[in-house]
Amino acid sequence: MMYLLALTALLMLSCETQAQKKTQSPVSLIVLGTVQDGGSPHIGCKRDCCADLFKNLDPERKVVSLGIVDHENQKTYLFEATPDMSTQLKALKSYAGLEAETPDGIFLTHAHIGHYTGLMYLGREALGAHQVPVYAMPKMKAFLENNGPWSQLVALGNMDLIEMSDKRVVELTPNLTVTPFTVPHRDEFSETVGFKIFGPTKSVLFIPDIDKWHKWEESIAEEIRKVDFAFLDASFFDGKEINNRDIAEIPHPFVIESMELFASLPTSEKEKIHFTHLNHTNPLLDKTSDASQSVRDSGYKVAQFHQKVGL
C-alpha cells in the first residue's frame, strides 16, 4: 500500500511538473532587486528606517536589478551589475535551472555605483570569469576600458565589452530582443539609458534612473502605452525624506509627481507601472506603510523582490 501511495505521489508530481512546463512562458523576467544604489540599510544612516536593519538584515533588500531567462534557448541575462551581483546571479541561475554561474550577457544602464560596480566580482580576486559579455553604450564602454580597475577586467579577458547604440535593437535569441535608449540623468562618467525588453508576446520598459520625466524628449505616458510592464524610477516618495540633501544634485521623479502625471491614465495603463529603485528612506520599502497603500489604492504597483512575469 505504501508503495502504491508513493508511486501515485510521484506520478502526480510528474504531471504537475509537465503541466508547469507547458504553461511556462518561453521567456521570463525575475526582479532581483528594487533598492537604490547605496542599499538598505544605507551606510552612515542614523534614521529609524535603517536602525533595525543593521541588526537584522533583510535578505530582500537588494540593489535594483532584473534577470531575464529564455527557457527555450537556455540563456540568461542580467540587467545592472550591482554590489549585490553575487547573490543575484545565484538566484538567476537557480530560477533558470541551468549550470552556468555567469549569464549570457550583462546590460548596463550607466556609471553610478549601484549599476556597474558588481563587475568587480568577475575579476581575478573573485570569480576570474572568462569573457562574460557586457553590453554598454559608447561612453560607458570607453569608461570601463580606460579606467582601473575595470580596464584590468578587459585586459585579462574577464569580460567582453559589446557596444550598444541608442535605439538600435540587440537581438539576443529568436525569443528575445533588447533596445537601449538614452534618458537625461547625471552623466558624470557615461551616458544613461533605459531598456525596452521584448519577449515573444510581451514587453518591458525599464528606466531605473532619470532626472525628471519632463526633461525627457519622449512622453513617458506614451512609452508606457507601448509595453506590457513598466519598471520605473521611484527613488524618492516625496521631498520630505531627503530634506538633508540638495535635490538639485540628485534629481529624480518623486513618486507623488509620477502619480499626479499618470493620474489620467486608464486603470489598465496604471497597472503596468511597477515603481522601483527605492531609496533607503522611501516608505514604499515598507509594504505596510500608508504611502505603499496609497500607491496600490491609486492603481499602481511596487516592484517586489523575486517577482516573476512571463514575456
Side-chain angles (χ1 to χ4, degrees), residues 31-54 58 60-66 79-80 82-84 109-115 183-188 192-194 205-216 220-221 223-224 230-263 265 270 272-305 307:
V31 176
L32 297 173
T34 64
V35 182
Q36 185 267 353
D37 302 41
S40 175
H42 194 278
I43 184 171
C45 179
K46 299 179 181 179
R47 300 189 183 198
D48 292 341
C49 58
C50 295
D52 289 338
L53 289 171
F54 277 116
D58 183 345
E60 296 190 359
R61 299 285 180 101
K62 305 290 187 184
V63 177
V64 66
S65 178
L66 299 179
F79 285 76
E80 307 292 37
T82 82
D84 293 319
T109 57
H110 64 302
H112 285 166
I113 65 167
H115 302 263
V183 296
H185 193 44
R186 294 176 289 112
D187 296 336
E188 300 95 337
T192 302
V193 296
L205 183 68
F206 180 46
I207 308 177
D209 268 290
I210 193 169
D211 283 350
K212 293 287 184 179
W213 297 121
H214 70 266
K215 292 185 178 182
W216 191 23
I220 181 57
E223 294 304 311
I224 292 169
F231 291 85
L232 304 182
D233 183 354
S235 299
F236 308 113
F237 186 78
D238 57 30
K240 298 176 184 177
E241 68 190 83
I242 50 169
N243 54 16
N244 62 328
R245 297 283 298 275
D246 181 0
I247 189 58
E249 296 180 355
I250 47 171
H252 290 272
F254 294 148
V255 173
I256 59 172
E257 294 174 337
S258 294
M259 289 199 298
E260 182 178 357
L261 178 63
F262 303 146
L265 295 180
K270 291 180 180 178
K272 297 177 180 180
I273 298 169
H274 297 71
F275 289 119
T276 192
H277 194 265
L278 309 175
N279 196 56
H280 66 288
T281 57
N282 195 320
L284 295 188
L285 284 171
D286 179 0
K287 299 173 186 177
T288 66
S289 68
D290 291 341
S292 185
Q293 187 63 49
S294 70
V295 166
R296 295 194 300 271
D297 288 346
S298 298
Y300 310 101
K301 297 180 174 68
V302 180
Q304 299 298 317
F305 181 65
Q307 174 185 351

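Excluded from the calculations below are hydrogen atoms, water molecules and symmetry mates; all remaining heavy atoms, backbone and side chain alike, are included. We number each residue from 1, following the sequence as shown.
- Pro41 places none of its side-chain heavy atoms less than 4.5 Å from the side chain of His280.
- With Arg296 as reference, Ser292 is the one residue of Ser294, Ser298, Ser292 to meet the side-chain hydrogen bond (donor to acceptor under 3.5 Å, both in side chains) rule.
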Q: Starting from the C-alpha separation in whole Å, work towards a yes-or-no answer on side-chain contact (heavy atoms from CB on, under 4.5 Å) for Ile207 and Ile220.
A: CA-CA 10 Å; Ile207 308 177; Ile220 181 57; 4.2 Å; yes

Q: Please assess Phe262 against Trp213 for the test side-chain contact (heavy atoms from CB on, under 4.5 Å), listing each intermediate value before the final yes or no.
A: CA-CA 11 Å; Phe262 303 146; Trp213 297 121; 4.3 Å; yes

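- Annotation: side chain of Leu53 is in contact with side chain of Ser40 (closest heavy-atom distance under 4.5 Å).
- Asp187 and His110 share no side-chain donor-acceptor pair at under 3.5 Å.
- If you take CD on Gln307 and OG1 on Thr276, they are separated by 9.0 Å, rounding to the nearest 0.5 Å.
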Q: Please report the C-alpha distance between Phe254 and Phe237 in whole Å, then the side-chain angles of each, then the deciding distance to 0.1 Å, and finally whether the side-chain contact (heavy atoms from CB on, under 4.5 Å) criterion is met.
A: CA-CA 5 Å; Phe254 294 148; Phe237 186 78; over 6 Å; no

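- For Phe54 against Cys45, the heavy-atom pair with the smallest separation is CE1-O, 3.6 Å.
- In this structure, Val255 and Asp238 have side chains that are not in contact, with every pair of non-hydrogen atoms separated by 4.5 Å or more.
- Ile273 places a side-chain heavy atom less than 4.5 Å from the side chain of Leu232.
- At a cut-off of 3.5 Å, with distance as the only test, a side-chain donor of His185 or Asp211 sits close to an acceptor on the other residue.
- Summarising the geometry, atom CG belonging to Leu285 is positioned 10.5 Å from atom CD belonging to Gln36; distances are rounded to the nearest 0.5 Å.
- For the pair Glu223/Trp216, a side-chain contact is recorded, criterion being any heavy-atom separation below 4.5 Å from C-beta on.
- Nearest heavy-atom pair across Ser289 and Pro283 is OG-O, 2.8 Å.
- Residues Gln304 and Thr34 have side chains that never bring a donor and an acceptor to within less than 3.5 angstrom of each other.
- Atom CZ in Phe305 sits 9.5 Å away from atom OG in Ser65 (nearest 0.5 Å).
- A donor and an acceptor atom, one from each side chain of His112 and Glu188, are located under 3.5 Å apart.
- The main-chain N or O of Thr109 is found under 3.5 Å from a side-chain atom of Glu80 such that the two form a donor-acceptor pair.
- Under the rule for a side-chain contact (heavy atoms from CB on, under 4.5 Å), the partners of Ser235 that lie at least two apart in sequence or sit in another chain are Asp233, His252, His277.
- Heavy atoms of other residues, nucleotides or ligands lying less than 6.0 angstrom from CG of Asp290 number 12 at most.
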Q) Can you list the steps and then say if Ile256 with Phe236 is a side-chain contact (heavy atoms from CB on, under 4.5 Å)? A) CA-CA 9 Å; Ile256 59 172; Phe236 308 113; over 6 Å; no

Q: Go through the steps for Tyr300 and Phe275 under the test ring pair (Phe, Tyr, Trp, His ring centres under 6.0 Å), then give the verdict.
A: CA-CA 8 Å; Tyr300 310 101; Phe275 289 119; 5.7 Å; yes

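- Residues Val35 and Val64 form no side-chain contact, since every pair of their non-hydrogen atoms from C-beta on lies 4.5 Å or further apart.
- Using a 3.5 Å distance cut-off with no hydrogens or angles, the side chains of Thr281 and Asn279 do pair a donor with an acceptor.
- In this structure, the side chain of Lys272 engages the main chain of Ile224 through a donor-acceptor pair within 3.5 Å.
- Open room surrounds CD on Glu260; 12 or fewer heavy atoms of other groups in view lie less than 6.0 Å from it.
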**Q.** Full working for side chain to side chain donor-acceptor pair (under 3.5 Å) between Thr82 and Asp84
**A.** CA-CA 5 Å; Thr82 82; Asp84 293 319; 4.5 Å; no

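- Residues Phe206 and His274 form no side-chain contact, since every pair of their non-hydrogen atoms from C-beta on lies 4.5 Å or further apart.
- Here the closest non-hydrogen pair linking Ala234 and Leu278 is O-CD2, 3.4 Å.
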